[in-house]
Amino acid sequence: MNARLKHHHFNRLTPFWDFVVTTILIIAALLTLMPVVLVVIISFSSADSIAMNGYRFIPSGWSFEAYRAVLKSGKQILDSYIVTIAHTTLGTISSLTVMSMFAFALSQKKFKARRFLTFFTFFTMLFSGGLVPSYIINVRYLNLYDNFLIYILPSLVSAYHVIILRTFIITTIPDTMIEAGKIDGASDFTVFVKIVLPLFKPGLATIALFNVVGRWNEWFTGMLYISNPKLIPLQTMLTKIQQNIDFLKQSIGSTVGSEEMLEALKRMPSDSTRMATTIISVLPVMLIYPFFQRYFIKGLTIGSIKG
Amino acid sequence: MPNFLSMAVVAIIVFAFLSADHGYLNNIMETLGYSRKNWYLERKPWPFFFIIINAWKNVGFSSVVYLASISGISPEYYEAAVLDGAKKIQQAKYITLPFLKPMISILLIMSIGGIFRGDFGLFYLVTQNNGRLYPVSDVLDTYIYRAMTTLNNTGMATAAGLYQSVVSFICVLIANKIVAMIEPENAMF
């Protein structure tokens with residue numbers, strides 16, 4: 001009897017149901033994975049195979065041609081990679097700096113404007129002016145069209161993230177610690193850097209990851225505010241080559257234009273290149289995501305606690 | 001897992017399936033003896049496509065979120081239930097669901113607020129902004145975007161945007177009120 005009450009045993013499924021549930025979940029997982037696998041395979045399929053049989057899970061011929069073509073003529077891809085990386089790192093760092101300080105201010109009870117500012121922040125989560133007013137402000141008044149700062153400034157503070165950070169400070173960092181620091185004569189800023197930040201790391205890590213993935217995947221800003229190909233991020237580039245694979249070729253043709261390269265471009269297998277570009281652009285996120293997924297979930301559970 | 005893929009990538013994945021020339025779906029159709037179709041011109045199946053794509057992208061993540069809150073429930077409750085002879089379904093109904101209530105209510109309020117916001121990426125990129133599909137794919141967000149960029153109808157776009165904000169805001173307030181009436185402590189504000 002006692003053995004049955006051991007932690008893992010008391011609530012076991014019968015072997016039959018265990019098998020059924022596991023099978024269903026495995027099938028669901030495979031179905032989820034399948035589309036991504038298909039894209040990977042297409043990127044490695046030879047052009048002949050695609051022309052003859054269409055996209056297949058088992059192509060009649062394999063080739064690295066697409067990746068070679070991308071590497072050889074990847075001026076646009078390189079530019080976009082740089083833009084995306086710059087957007088992700090600079091954006092995340094600046095946003096974390098501003099948001100964590102803001103969240104700290106909002107978490108302090110003696111801060112007078114606290115209630116008003118919290119409401120002010122929260123309100124933007126529920127109500128916004130919409131696309132057109134933000135476009136007009138960004139373009140006419142802030143002059144951000146075709147400007148790298150468009151990636152940084154408008155997305156500097158996310159109301160949702162500030163609320164999560166504030167809740168995190170309130171629930172995990174005891175007031176007494178902050179007061180103790182004050183009594184020792186530390187200024188607010190010293191308290192923030194010396195006491196709050198070290199305890200704050202898990203919360204920051206979560207928000208940093210939200211930011212990194214969100215910014216890496218951002219394509220709308222690039223589509224709306226950017227026309228200079230040198231400033232187009234990866235994801236926007238993907239939407240462009242999705243509509244028109246020639247986008248890659250055009251920009252190369254105009255910037256380099258050597259005979260050999262144009263020849264290479266003509267032979268560029270457009271279908272598999274499109275898929276290869278996709279794979280190259282999601283690879284970094286794909287590699288880091290599984291390791292950091294738990295932080296995401298932590299962030300969501302923190303966010304759901306009211307403060 | 002597909003949650004970290006951007007809609008730009010999802011659009012390309014969908015294209016691998018639906019493309020008229022080489023698409024995987026058309027391959028299957030052909031082997032089964034049906035004729036090939038240009039899926040990007042067919043209106044009828046798109047509502048299903050949207051649902052499938054959205055589910056594919058989001059179900060995994062949502063279940064992980066719920067899993068996180070379920071694993072926060074102390075196993076002792078289940079242990080006690082088993083001792084009292086409760087079946088699996090009863091455990092789910094009387095232990096798991098009540099513990100998930102706060103999470104479910106917050107997600108519910110948020111998604112009700114989102115009713116008037118479409119997933120712009122899903123409806124714009126995945127359909128390749130195809131005019132033939134507008135009757136089934138045009139949501140407020142894509143309309144606003146189009147009114148602003150291609151139709152040059154800024155006034156209309158602004159009005160539609162404001163309307164969207166106001167209505168969503170009212171929806172959130174109502175949903176929150178209803179949740180507050182049933183279970184005051186689960187309301188968002």
Side-chain angles (χ1 to χ4, degrees), chain A residues 5 7 10-11 13 17 28-29 31-33 35-36 38-39 42 50-51 53-57 122 126-133 135-136 213 216-220 224 234-239 241-243 271 274-275 278 281-282 285-286 289-290 293-294 296-298 300-301 303-304 306, chain B residues 1-2 4-9 11-17 19 21-24 26-27 30 56 59-61 64-65 67-69 72 75 78-79 82-83 88 91 102-103 106-107 113 120-121 125 128-129 141 144-145 148-149 154 157-158 160-162 164-166 168-169 172-173 188-189:
Chain A
L5 282 178
H7 232 44
F10 72 89
N11 208 5
L13 290 164
W17 283 108
L31 278 178
T32 312
L33 213 57
V36 182
L38 181 67
V39 169
I42 296 170
I50 292 176
N53 307 324
Y55 304 148
R56 284 285 152 103
F57 276 97
F122 189 57
L126 302 173
F127 195 85
S128 70
L131 183 65
V132 185
Y135 185 84
I136 292 174
V213 172
W216 188 275
N217 283 343
E218 174 58 47
W219 51 273
F220 188 66
L224 192 58
L234 270 180
Q235 304 292 334
T236 311
M237 185 197 78
L238 281 182
T239 71
I241 62 170
Q242 159 71 0
Q243 283 149 8
D271 287 297
R274 185 182 283 154
M275 302 303 169
T278 310
S281 69
V282 294
V285 183
M286 226 179 202
Y289 192 86
Q293 179 156 305
R294 60 200 177 93
F296 275 71
I297 291 143
K298 203 190 231 162
L300 283 170
T301 26
S304 69
K306 290 187 300 175
Chain B
M1 186 213 66
F4 63 80
L5 299 176
S6 76
M7 266 300 166
V9 174
I12 290 183
I13 294 176
V14 171
F15 178 78
F17 278 83
S19 138
D21 304 329
H22 310 301
Y24 195 70
N26 268 343
N27 287 346
E30 217 167 37
W56 175 74
V59 163
F61 189 67
V64 174
V65 171
L67 179 69
S69 22
Y78 293 104
E79 217 168 306
V82 172
L83 282 179
K88 278 265 138 33
Q91 291 179 26
M103 190 65 141
I106 284 175
L107 293 181
F120 183 81
L125 290 182
Q128 312 205 339
N129 193 23
D141 298 86
I144 293 169
Y145 180 77
M148 188 177 111
T149 52
T154 321
T158 320
L162 185 65
Q164 186 188 31
S165 277
V166 171
S168 312
F169 185 52
V172 173
L173 291 184
M188 240 161 84
F189 43 86

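The shown structure was predicted, so the numbers you read here are calculated from the model rather than taken from an experiment. By convention in this document, chain letters (A, B, ...) are assigned in the order of the sequence lines, proteins followed by strands, and residues within each chain are numbered from 1.
B/V59 does not touch chain A: none of its heavy atoms, backbone or side chain, sits under 4.5 Å away. Within the 4.5 angstrom heavy-atom criterion, atoms from both the backbone and the side chain of A/V285 approach chain B. Contacts of A/P35 with chain B are made by both backbone and side-chain atoms, with heavy-atom separations under 4.5 Å.
No other option in B/T154, B/V166, B/L162, B/D141 has as many heavy-atom pairs under 4.5 Å with chain A as B/V166. Top candidate by heavy-atom pairs under 4.5 Å with chain A, chosen from B/G161, B/S168, B/S165, is B/S165.
Expressed to the nearest 0.5 Å, how far OH of A/Y135 lies from OG1 of B/T158 amounts to 12.5 Å. Taken from CG in A/L131 to CD1 in B/I144, the straight-line distance is 7.0 Å, to the nearest 0.5 Å. In this structure, CH2 on B/W56 lies 11.5 Å from CG on A/L31, to the nearest 0.5 angstrom. In this structure, CE on B/M7 lies 10.5 Å from CG on A/N217, to the nearest 0.5 angstrom.
Residues A/W219 and B/S6 share a closest heavy-atom pair of CD1-CB, 4.4 Å.
The aromatic ring centroids of A/F220 and B/Y145 lie less than 6.0 Å from each other.
Looking only at side-chain heavy atoms (C-beta outward), A/V36 and B/I13 come within less than 4.5 Å of each other.
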